[in-house]
Amino acid sequence: MTSRKALNPPRGQCRRCWFHAYASKEAHKGLGPGEDCQACINCAASQHKGQIVT
Ligand SMILES: [Zn+2]
Ligand SMILES: [Zn+2]
């Protein structure tokens, strides 16, 4: 179940990274132990472009 918190990032936060942090069980369910999330890596690499809550 996705928590409300995961879907409601506060201002200044990255929607995608927030969701991945608070709903990591869902967002990262395809990842094996110690495996990195490509979406999280790409988002950070692009400085969370277009994903920041204003
Ligand atoms: Zn992720
Ligand atoms: Zn991000």
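Because only heavy atoms are used, hydrogens play no part in the values below, and waters and symmetry mates are left out as well, while side chains stay in. Note that ligands are numbered from 1 as they come in the structure, with each ligand's atoms numbered from 1 the same way.
- Annotation: Gln47, atom CD; neighbour count of heavy atoms from other residues, nucleotides and ligands within 6.0 Å does not exceed 12.
- Looking at Arg16 and His48, their side chains never come closer than 4.5 Å, going by heavy atoms from C-beta outward.
- Counting only distance, with no hydrogens or angles, the side chain of Glu26 and the backbone of Thr2 share a donor-acceptor pair below 3.5 Å.
- At least one donor-acceptor pair under 3.5 Å links the side chain of Trp18 to the backbone N or O of Lys5.
- In this structure, NE2 on His28 lies 10.5 Å from CD on Gln38, to the nearest 0.5 angstrom.
- Around the Zn ion (ligand 1), protein N, O or S atoms at less than 2.8 Å comprise His20 ND1, His28 NE2, Cys37 SG, Cys40 SG.
- In plain terms, the two heavy atoms of Pro9 and Val53 that are nearest each other are CG-CG2, 3.6 Å.
- Residue-level check: among N/O/S atoms of His48, ND1 sits closest to the Zn ion (ligand 2).
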